[in-house]
Participant: 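The structure that follows is given in the form of structure tokens.
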Amino acid sequence: MNDIHIDEFYQDCVKTLVQLYNSFPRLTTLYVDDLITNAGTDEYGIPNRRHKACFDAMLWLASEGYIRYQDTIRQDALDQVVLTEKSFLRLSLPTTAPDNLDNKKNDLPPSVARKQATMAWHCRQALNNKGGEAIARAALQFFTE
């Protein structure tokens, strides 16, 4: 059985973390519609299943101490949201020891090699490749480090 809802959860979490890392340390408003497409509501204004799942993933990240926020905007957004120190450090620090970087990376300037060794870079690459398996691996690595 394919756990599509878990794959969507990983994608929502990685997108949330990357978007907040990109704006760190500024407080920002994070909208569900900025993270996923087709996240609308029905004719009565009730969020669809996918919209609700994305919003709940953001709330889960907050309840587990990965992000902080001041308020919710209906079920559409988190307001004044920022990464916690725990998340910032996990995204910023190298995921591999600098000595273990492959030869291709050793040819890069040190600042570029350092950035490409971070969890944030790996998450961005997974999202850019739009590969579900790469996103799942990035999320699991983030949560287990």
Side-chain angles (χ1 to χ4, degrees), residues 2-42 45-102 104-106 108-145:
N2 196 358
D3 294 326
I4 292 175
H5 67 287
I6 300 298
D7 291 336
E8 290 173 343
F9 169 77
Y10 290 149
Q11 183 175 10
D12 297 343
C13 288
V14 170
K15 282 184 175 181
T16 297
L17 294 166
V18 166
Q19 188 161 337
L20 293 174
Y21 184 82
N22 291 340
S23 64
F24 190 81
R26 287 179 289 122
L27 297 173
T28 188
T29 302
L30 188 61
Y31 291 91
V32 170
D33 289 339
D34 291 341
L35 300 176
I36 61 174
T37 57
N38 301 323
T41 58
D42 66 13
I46 298 171
N48 66 24
R49 181 205 64 82
R50 184 69 186 98
H51 181 103
K52 178 107 172 72
C54 181
F55 185 73
D56 288 345
M58 292 190 304
L59 292 177
W60 182 86
L61 286 169
S63 70
E64 294 301 317
Y66 294 110
I67 64 175
R68 277 192 306 269
Y69 69 97
Q70 188 173 45
D71 206 358
T72 60
I73 300 173
R74 295 177 302 280
Q75 289 186 340
D76 296 325
L78 297 181
D79 194 26
Q80 302 299 298
V81 63
V82 68
L83 292 173
T84 60
E85 177 187 21
K86 171 172 75 171
S87 290
F88 176 72
L89 290 175
R90 285 186 185 185
L91 290 167
S92 298
L93 293 174
T95 58
T96 58
D99 300 341
N100 296 336
L101 297 175
D102 62 21
K104 180 181 174 187
K105 289 187 179 178
N106 286 336
L108 297 172
S111 63
V112 174
R114 177 180 47 82
K115 288 177 184 174
Q116 288 186 1
T118 65
M119 175 59 67
W121 188 85
H122 290 286
C123 289
R124 282 190 201 109
Q125 289 300 109
L127 291 171
N128 289 339
N129 295 336
K130 303 209 187 307
E133 193 58 34
I135 293 170
R137 280 194 311 272
L140 288 170
Q141 186 176 3
F142 175 84
F143 292 131
T144 57
E145 285 202 357

Participant: In Å and rounded to the nearest 0.5 Å, what is the CZ to CD distance from Arg26 to Gln80?
Facilitator: 11.5 Å
Participant: Val82 and Ile67: side chain to side chain contact (heavy atoms under 4.5 Å, CB included), yes or no, with the steps?
Facilitator: CA-CA 6 Å; Val82 68; Ile67 64 175; over 6 Å; no
Participant: By the definition side chain to side chain contact (heavy atoms under 4.5 Å, CB included), identify the one residue from Leu20, Val81, Thr72, Leu35 that meets it with Met58.
Facilitator: Leu35
Participant: Quick check against the 3.5 Å criterion: does His122 have a side-chain atom that pairs as donor or acceptor with the backbone of Thr95?
Facilitator: no
Participant: Thinking salt bridges, do Glu8 and Arg49 make one under a 4.0 Å N-O criterion?
Facilitator: yes
Participant: Quick one: pull up CE in Met119 and CD in Gln141 and give me the separation to the nearest 0.5 Å.
Facilitator: 3.5 Å
Participant: Kindly compute the distance separating CG (Leu59) from CD (Gln75), expressed to the nearest 0.5 Å.
Facilitator: 8.5 Å
Participant: Kindly determine whether His5 and Phe9 satisfy side chain to side chain contact (heavy atoms under 4.5 Å, CB included), including the steps that lead there.
Facilitator: CA-CA 6 Å; His5 67 287; Phe9 169 77; over 6 Å; no
Participant: Would you say NZ of Lys115 has more than 12 non-hydrogen atoms from neighbouring residues, nucleotides or ligands within 6.0 angstrom?
Facilitator: no
Participant: Stepwise, does the side chain to side chain contact (heavy atoms under 4.5 Å, CB included) test hold for Phe55 with Leu78?
Facilitator: CA-CA 8 Å; Phe55 185 73; Leu78 297 181; 4.1 Å; yes
Participant: Starting at OH of Tyr10, measure out to CG of Asp7 and round the result to the nearest 0.5 Å.
Facilitator: 8.0 Å
Participant: Could you check Leu17, Val18, Thr16 and say which one makes a side chain to side chain contact (heavy atoms under 4.5 Å, CB included) with Val14?
Facilitator: Val18
Participant: ring-ring contact (aromatic ring centres under 6.0 Å, His included): which pairs involve residues 126-145, sequence neighbours left out?
Facilitator: Trp60-Phe143, Tyr66-Phe142, Tyr66-Phe143
Participant: Quick one: does Thr84's side chain have a donor or acceptor within less than 3.5 Å of a partner on Gly65's backbone?
Facilitator: yes
Participant: Indicate yes or no for a side-chain donor-acceptor contact from Ser87 to the backbone of Leu83 under 3.5 Å, with no hydrogens or angles considered.
Facilitator: no
Participant: Any salt bridge linking Arg50 with Asp12? Criterion: basic side-chain nitrogen under 4.0 Å from a carboxylate oxygen.
Facilitator: yes
Participant: Nearest 0.5 Å please: distance from the SG atom of Cys13 over to the CD atom of Glu64.
Facilitator: 10.0 Å
Participant: Evaluate the side chain to side chain contact (heavy atoms under 4.5 Å, CB included) criterion for residues Lys15 and Ile135: first the C-alpha distance (whole Å), next the side-chain angles of each, then the deciding distance (0.1 Å), finally the verdict.
Facilitator: CA-CA 9 Å; Lys15 282 184 175 181; Ile135 293 170; over 6 Å; no
